[in-house]
Amino acid sequence: MGETRNCLVLTQHRDDRSSYNDFIGKFYHFPANDKKSYAGQFNDLPLEFIYYEPQGNGGKGEFFGYGLIEKPPFEDKQNAGYYFVEIASYKPFGTPVPHKDEDGKLREADNPHYNYQNAVRKIPSKLLDELCLDGNIQLNFTSDAHLIRVLGEQLIASEKVGILELIKNAYDAHATHCKVIIENSDFLPQDTSPDYQFSGYAGPVIVIEDDGIGMSRSAIENGWLRPASTLKTNIKERLKQERVSAVERGALPQFDGIVAEIKKANRGRIPLGEKGVGRFATHRLGRCLELTTKTAENAYEFVLSIDWDKFDSFSDGGIDLSEIGVGLSRRPVSRDYGPSGSGTRLIIYGGREGFRWDESKVSDLSRSINQLRSPNPNPKAEQTAFEATLHVPQVPDLEDRIPSDPTPAFEFVGLVDDFGKLDYQLKFNPPKSIPMSPSETSETYDLKLANKGFWRGREGERTKCGAFFLSLSVWYRVGPWITGPDKDAFVKRLDRFGGISIYRDGINVFPAEWGADVDWLRLSKDHIKKGKLLSYYNLFGNVEIDQGTNLALTDKTNREGMIENEANADFVELIRSVLKTIVENQFIAKRDEYTSLTKDVVRSPSALRDYAKQSLTVHRSIDTNYPVDEDPFAILEAIGRTPEERVDGHRNLTRSLRNLQQSLDLITEQQEMLTEQAGYGLAIGASIHEINKITTSFFYGINEVLKKQTPDRAKLEQLKDTSSSLRSELKRLSPVMALRGEKRREFAVVDAISLAIDNYRSRLAKREIKINFDRSKSFGVYTRYGAIVQVFSNLLDNACYWLEAEDADRRRITILVDDDNRSITFADDGPGIHDAILPHLFLAGYSMKIPRSGLGLYISKHYMQDMKGDILNLENPKLRVEDYQGAQFLLDFNKVPRRKVI
């Protein structure tokens, strides 16, 4: 409006009993004899006004609304001598403002133009604004025409995503087929003369046409031309509310009936679209749009033409979205609409600066369209017929460019139910170049066991995300796992497109290649920390979700993933649990097994040290018993041809073997130190949470005592108990803290076991785990006390974790001492050891927990073997403790010394 503002007060009765034809907020009506006196005021346009209702004759003496006038008065044709002025916009007050303030002063007292007899009078703009604010003026959101550009360019991630969004719109329109055509691009081959169907439009031309139900005038006006319209979301909101209600009532079968009813009304589909902005991808794809659409009821087609440049122009005052007209007309049918007699065609033309439809982008789009339908759909889900195709006359061989993938090393399919239970099949398919046998595992597994901290308090509840289906193909990226001339091309495809796609109702809503960019499963972060772990670039996979089940999983507006709500958090956690426990353990194990089979490599420093020692003994024997200088059997020719060379070479080799042995001694010592430090790390990790809670409680307790004038004995007793708990927790750590420097000594093995149990007493009690341990039986050992404490601490820690989710009567542990055979059996009644981890139970890095450490049993094995004992997994039913279904271990102390040998 500029710096000068023209403002008026218009007198207006809200309950008008006069002869005036006023329409509040629409028109102001006044007689001709006032026209002359008002002329100057109404002609200074634009002007703002504030409504005032005078006191008396039913009026309350209040200011009650604000408006804007942009056009001069015009004559009332039906009532001679009267005029109207049109009100462009009107904003009522939430709270009318009395003409006098709290002190009884007229609010217009300082208005130099005030005269209560003037029905129309000027008012300073500052006073008008203050009256509006005091009246709680009711404003509205408005849309600038520039919104279209924001929706098209900034919410649609790319031109490819834009086309895919428009294809999904065809799916929502109940189409069985959607055809995409790209013509007349300057960046595609020009040496041929393709037969263009749309040569009358400026290139590049993009056409998306379908055989859906088409759009009526109402659907165009109230849906297609209305950003974020709720025509589709109303269906989903109803489903969300119905599902919540059904779960609360325990009546999910009734909800399934509602889903079936909605699908029946929509030709077997629930709309994919949620935001109501995908149609504005047409803005991103070209400067102009011609939309033609036909319903089965009409004998003609609608034509909607849009010049997007009109929405992109800028002005100082802005252009309201509703001010730009879009022409809608009808015409005779211009194409064959097929058996349905309906459909929609979008012709987008004129192109956009900064984007080129070249062969690379066309090939990329072709691949995405080919993968729009799930390659491995959920066999238990209902599928609807839908096909999308791409035709580019300038690139006629697109179909021939679809590559085939080599056989994956692993194939996984699994169904996760509402409660997080996984029913899966995992196949290992080694290629012929790998000397290993194929294998197959089919099991059911509770994924909530993998990361109990995440699911704590929700163990028996339904997940927020609902059930879903997961299919994976996994490769090792190196030869001889992948061979042939196409190996490098396939690895590049994994680099570019590897990951897990998300399919909603069988349609791709999150392509696999986006996963590595946003790292939605945190695989990249894990892979950076440890390169042998699974990454997006090792697999192609798809997750199948269904809108009848997974309604809480909602796409982000930019389509690059799911909104990060509780349902998405559960969804990500469950998929990670599948990958990190079931798949990744096998992925690492089979590679390690292959390495062991094909490479005669000794990895143990202690074994290498023994080999070096043996070699040194042999060389010393040669030096003593064999004439090195003469070498009658020619066994030393490799180290010298002359007697002098052989003597010097043999002496140097002996020295090298002695140095190698010393080096390996240092490496062994370092490995033992790192293993013990890792053991201490596990112990401190298990305690840190408890210590943090104890110290926090202690801190707040001290503060509370200090605030009081007189000591609170009950609070002091509580602090005493808290400090005792902290002391016990630190005491639990003391054996492993001193383990590295601890000397071996004689003691009864049950003493070390008892300390480990006492250290875990509070955790066992908190989880209501019963422990059976007869201290009367024992035997002596000569070893490090802290090592045995650490072994049983690791076993107890694992048992506490896996027993927590079991029924109360199965939360139990038994420790049986066999003093005759100098062995101990440790058994729990938990879920047992999963097959995926069983062959690698005592190796570092294998675990069914998230996050994975895989060190507890490895360290226990190290300590037991260091003292000449061993720890074994009890699989033989004859050796297992009866009536205990979980993990069972035999700790063999038979060769552990009883006392120090002098």
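Along the sequence shown, the residues carry numbers beginning at 1. Keep in mind that this is a model prediction, so the values were computed, not measured.
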Novice: Look at Glu584 together with Lys530 and state whether they make a salt bridge at an N to O cut-off of under 4.0 Å.
Specialist: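 Looking at Glu584 and Lys530, the cut-off is not met.
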Novice: Suppose the criterion is salt bridge (Lys or Arg N to Asp or Glu O under 4.0 Å): which pairs have a residue in residues 878-895, not counting sequence neighbours?
Specialist: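 Counting only pairs at least two positions apart or across chains, the salt bridge (Lys or Arg N to Asp or Glu O under 4.0 Å) contacts touching residues 878-895 are Arg812-Asp883.
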Novice: List, one per line, each side-chain donor-acceptor pair under 3.5 Å for residues 438-447, sequence neighbours excluded.
Specialist:
{"from": "Glu440", "atom 1": "OE2", "to": "Gln425", "atom 2": "NE2", "distance (Å)": "2.7"}
{"from": "Glu443", "atom 1": "OE1", "to": "His834", "atom 2": "NE2", "distance (Å)": "3.2"}
{"from": "Asp446", "atom 1": "OD1", "to": "Lys448", "atom 2": "N", "distance (Å)": "3.0"}

Novice: Where the side chain of Lys861 meets the backbone of Ile871, is there a donor-acceptor pair that is under 3.5 Å apart?
Specialist: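 At least one qualifying donor-acceptor pair exists.
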Novice: Over all heavy atoms of both residues, which pair between Tyr171 and Asp505 is shortest? Give the atoms and the distance, please.
Specialist: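 So the minimum-distance heavy-atom pair works out to OH-O, 3.6 Å.
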Novice: Any side-chain to backbone donor/acceptor pair from Thr483 onto Gly479? Under 3.5 Å, distance only.
Specialist: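 Checked: no pair found.
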Novice: Does the side chain of Asn429 come under 3.5 Å of the side chain of Thr407 through a donor N or O and an acceptor N or O?
Specialist: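 Short answer, no.
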Novice: Has Asn550 got a side-chain atom pairing as donor or acceptor with Asp546's backbone, closer than 3.5 angstrom?
Specialist: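 Yes: the side chain of Asn550 pairs with the backbone of Asp546.
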Novice: Testing the basics here: between Met436 and Pro430, what is the closest heavy-atom pair and its distance to 0.1 Å?
Specialist: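 Shortest heavy-atom separation between Met436 and Pro430 comes out as O-CG, 3.3 Å.
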Novice: For the residue pair Leu574 and Phe468, establish whether any side-chain heavy-atom pair is separated by less than 4.5 Å.
Specialist: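 Of all side-chain heavy-atom pairs linking Phe468 with Leu574, at least one is under 4.5 Å.
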Novice: Checking Arg763 against Tyr760: charged group under 6.0 Å from the ring centre and within 45 degrees of the axis?
Specialist: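 So Arg763 does make the cation-pi contact.
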Novice: Looking at Glu573 and Arg458, is any side-chain nitrogen of the basic one under 4.0 Å from a carboxylate oxygen of the acidic one?
Specialist: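 No.
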Novice: Could you tell me whether Asp828 and Arg811 make a salt bridge, using a distance below 4.0 angstrom between a side-chain N and a carboxylate O?
Specialist: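 Looking at Arg811 together with Asp828, the answer is no, because their closest N to O distance does not fall below 4.0 Å.
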Novice: Among side-chain atoms of Asn794 and Ser860, is any donor-acceptor pair under 3.5 angstrom?
Specialist: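 Asn794 vs Ser860: donor-acceptor pair found between side chains.
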Novice: Assess the pair Phe428 and Phe410: is the distance between their ring centroids shorter than 6.0 Å?
Specialist: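 Judged by ring-centre distance (under 6.0 Å), Phe428 and Phe410 do meet the cut-off.
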Novice: Of all the heavy-atom pairs spanning Leu764 and Cys800, show the shortest one and how long it is.
Specialist: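 Between these two residues, the closest heavy atoms are CD2-SG, 3.7 Å.
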Novice: If you define the side chain from C-beta out and look only at heavy atoms, does anything of Ile500 sit under 4.5 Å from Leu472?
Specialist: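 Ile500 vs Leu472: side chains touch.
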Novice: Look only at the side chain of Lys487 and the backbone of Val478, and say whether a donor-acceptor pair between them is shorter than 3.5 Å.
Specialist: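 No, the answer is negative, given that no donor and acceptor are paired below the 3.5 Å cut-off.
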Novice: Of the non-hydrogen atoms in Tyr537 and Ala516, which two are nearest, and what is the gap between them?
Specialist: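 Minimum heavy-atom separation between Tyr537 and Ala516: OH-CB, 3.4 Å.
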Novice: Side-chain contact, heavy-atom cut-off 4.5 Å: Leu470 with Tyr424?
Specialist: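 A side-chain contact is absent here, since even the closest heavy-atom pair is not under 4.5 Å.
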Novice: To check you understand the geometry: which heavy-atom pair defines the closest contact between Lys590 and Tyr476, and what is its length?
Specialist: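 Heavy atoms of Lys590 and Tyr476 come nearest at CB-OH, 3.4 Å.
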Novice: Is the side chain of Trp475 donor-acceptor paired with the backbone N or O of Pro406 at a distance under 3.5 Å, no angle test?
Specialist: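 The answer is yes, because a donor-acceptor pair under 3.5 Å joins these two groups.
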Novice: Do Asp570 and Lys464 meet the salt-bridge criterion of a basic N to acidic O distance under 4.0 Å?
Specialist: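 Asp570 and Lys464: not salt-bridged.
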Novice: Can you tell me if CD on Glu459 sees more than 12 non-hydrogen neighbours from other groups inside 6.0 Å?
Specialist: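 Correct, the count exceeds 12.
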Novice: Quick one: does Ser473's side chain have a donor or acceptor within less than 3.5 Å of a partner on Glu411's backbone?
Specialist: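 No, the answer is negative, given that no donor and acceptor are paired below the 3.5 Å cut-off.
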Novice: Can a donor-acceptor pair be found, under 3.5 Å and without considering hydrogens, that links the side chain of Gln888 to the backbone of Val881?
Specialist: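 Confirmed, Gln888 side chain pairs with Val881 backbone.
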Novice: Go through the side-chain N and O atoms of Ser535 and Asn538 and say whether any donor and acceptor fall under 3.5 Å apart.
Specialist: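 Note: Ser535 and Asn538 side chains meet the donor-acceptor criterion.
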Novice: Under 4.0 Å between a side-chain nitrogen and a carboxylate oxygen: does that hold for Asp829 and Lys770?
Specialist: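 No, this pair does not count.
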Novice: State the CG-CE distance between Leu841 and Met848, to the nearest 0.5 angstrom.
Specialist: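 Answer rounded to 0.5 Å: 11.5 Å.
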Novice: To the closest 0.5 Å, what do you measure between CG (Leu891) and CG (Leu816)?
Specialist: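 Here the interatomic distance stands at 11.5 Å.
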Novice: Looking at every heavy atom in both Phe826 and Ile813, which two are closest together, and how far apart are they?
Specialist: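 Looking at all heavy atoms of both residues, the closest pair is CZ-CG2, 3.7 Å.
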